[in-house]
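Below: the structure, in structure tokens.
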Amino acid sequence: MPAPAHPARYHPALVALHWLVALLVTLALIAGGLVISDMPNAEPGKVDALRIHALMGLSIGALMLIRLAVRLRTAHPAPATTGIALADRLAPLAHGALYALVLLMVASGIALSLQSGLMEALFADAPMPADFHVFAPRQVHGFLADLLIALIVLHLAAVLYHALVRRDGLLRRMGFGAR
Ligand code: HEM
Ligand code: HEM
């Protein structure tokens, strides 16, 4: 049976990817910002922490590209309304920016690893670079992380507004069940 033009929920594959990516991005932001960036590069555990961080970041990138493909190929619920015209116009831009920022975090992480010699340190036993901050992609990676955190906070505020003020059942659209 063909899916309706505007189903009640997102496609289950998109729902699964949304929550998996939300969890992984939150963990990567916390680990990167609160743990890894505070560790001196000479600390023995840093290379292991960064190996996990890089592999997790690359996995997030792959999941995000799959998610983009699923998003482009499946039907979505009709655009939600907040009752505020400007917010309704900004919502699709904010969703697009979430995709873009996550992918740019991955790209800047890869650029930083290639430029600083981190790849060799992680996977070929080479010594760790002395300091990442001398490389431009490190500043970009940190700045994008701050932007992404701000956008996720805005995203959560919007979800709470729908759930508590509008009480329009928006969260169910990003859940499993009949479409
Ligand atoms: C969505 C994916 C990613 C997220 C959310 C993320 C998040 C972060 C955060 C929050 C920081 C600390 C920034 C700061 O305090 O200024 C950081 C640092 C870093 N990340 Fe990522 N990252 C991601 C992907 C990657 C990838 C794919 C790589 C490498 C291939 C990578 C390599 C690094 C490195 C080398 C640092 C610097 C650590 C330091 O300065 O000591 N990241 N990341
Ligand atoms: C953990 C807290 C989160 C909650 C409660 C949440 C909730 C939701 C809900 C209810 C929707 C459906 C909106 C609608 O029906 O129009 C949605 C959509 C969306 N969320 Fe989240 N979200 C969270 C975290 C994230 C994170 C971390 C990202 C960034 C990667 C993200 C990216 C998106 C995107 C891009 C959409 C639009 C649908 C799509 O293209 O996949 N969300 N979210």
Side-chain angles (χ1 to χ4, degrees), residues 8-11 13-41 43 46-47 49-64 67-68 70-72 74 76-82 88 91-119 121-123 128-135 137-149 151-163 168-175:
R9 299 171 206 269
Y10 287 93
H11 191 280
L14 198 74
V15 173
L17 286 164
H18 173 271
W19 294 112
L20 181 60
V21 168
L23 176 72
L24 293 178
V25 166
T26 306
L27 289 176
L29 285 171
I30 292 172
L34 298 182
V35 184
I36 300 173
S37 61
D38 287 345
M39 291 168 94
N41 281 18
E43 198 172 312
K46 178 128 180 183
V47 71
L50 273 176
R51 194 175 292 116
I52 297 172
H53 181 77
L55 288 175
M56 194 165 165
L58 292 173
S59 311
I60 291 172
L63 291 171
M64 211 60 191
R67 176 171 169 188
L68 191 59
V70 173
R71 156 112 218 175
L72 294 174
T74 54
H76 320 128
T81 178
T82 54
D88 289 352
L93 293 180
H95 289 158
L98 283 166
Y99 276 85
L101 274 177
V102 171
L103 290 172
L104 287 171
M105 285 280 335
V106 179
S108 58
I110 293 172
L112 176 58
S113 314
L114 293 175
Q115 214 177 315
S116 65
L118 175 66
M119 274 311 174
L122 294 185
F123 302 111
M128 276 282 276
D131 185 5
F132 292 112
H133 287 86
V134 297
F135 301 101
R138 176 65 183 83
Q139 320 304 332
V140 174
H141 202 64
F143 175 69
L144 291 176
D146 288 343
L147 272 186
L148 181 57
I149 291 168
L151 204 57
I152 291 174
V153 169
L154 185 71
H155 185 60
L156 290 180
V159 171
L160 282 178
Y161 181 78
H162 280 282
D168 56 9
L170 181 97
L171 256 174
R172 272 196 297 272
R173 294 154 53 109
M174 201 41 100

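Since the structure is predicted, the reported quantities are computational estimates derived from the model, not experimental observations. Residue indices begin at 1 and follow the sequence shown. Whatever order the structure lists them in is the order used to number ligands and atoms, beginning at 1.
Between the D88 side chain and the T82 main chain, a donor and an acceptor come within less than 3.5 Å of each other. Looking only at distances, a side-chain donor or acceptor of H141 sits under 3.5 Å from a matching main-chain atom of M105. A side-chain donor-acceptor contact under 3.5 Å links R173 to the backbone of A78. A donor-acceptor pair under 3.5 Å is formed between the side chain of K46 and the backbone N or O of I36. A donor-acceptor contact shorter than 3.5 Å is absent between the side chain of Q115 and the backbone of F135.
At a 4.0 Å heavy-atom cut-off, ligand 1 touches A145 through the side chain alone. Using a 4.0 Å cut-off between heavy atoms, M39 makes no contact with ligand 1 at all.
Of the polar atoms of H53, at least one N or O is found under 3.5 Å from an N or O of ligand 1, judged by distance alone. Inclusion of S113 in the set of residues having an N or O under 3.5 Å from an N or O of ligand 1 is not warranted.
For ligand 1, the atoms lying closer than 4.0 Å to a non-hydrogen atom of A28 are 4 (C), 5 (C), 7 (C). For ligand 1, the atoms closer than 4.0 angstrom to any heavy atom of L118 are 35 (C).
Under the rule for a ring pair (Phe, Tyr, Trp, His ring centres under 6.0 Å), the partners of H155 that lie at least two apart in sequence or sit in another chain are H95.
When each of H11, H76, H18 is paired with R71, the side-chain contact (heavy atoms from CB on, under 4.5 Å) condition holds for H76 and for no other.
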Quiz item: How far apart are the C-alpha atoms of I152 and L98, what are their side-chain angles, what is the distance that settles it, and do they pass the side-chain contact (heavy atoms from CB on, under 4.5 Å) test?
Solution: CA-CA 8 Å; I152 291 174; L98 283 166; 4.1 Å; yes
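At least one heavy atom of K46 sits under 4.0 Å from some atom of ligand 1.
Rounded to the nearest 0.5 angstrom, L171 CG and L160 CG are separated by 8.5 Å.
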Any protein N/O atoms within less than 3.5 Å of an N/O atom in ligand 2? List the atom names and distances, or say none.
residue	atom	partner	partner atom	Å
ligand 2	15 (O)	R173	NE	2.4
ligand 2	15 (O)	R173	NH2	3.2
ligand 2	16 (O)	Y10	OH	3.2
ligand 2	16 (O)	R173	NH2	3.2
ligand 2	20 (N)	H18	NE2	2.9
ligand 2	20 (N)	H155	NE2	2.8
ligand 2	22 (N)	H18	NE2	2.9
ligand 2	22 (N)	H155	NE2	2.9
ligand 2	40 (O)	R71	NH1	2.6
ligand 2	40 (O)	Y99	OH	3.0
ligand 2	41 (O)	R67	NE	3.3
ligand 2	41 (O)	R67	NH2	3.0
ligand 2	41 (O)	Y99	OH	3.1
ligand 2	42 (N)	H18	NE2	2.9
ligand 2	42 (N)	H155	NE2	2.9
ligand 2	43 (N)	H18	NE2	2.8
ligand 2	43 (N)	H155	NE2	2.8

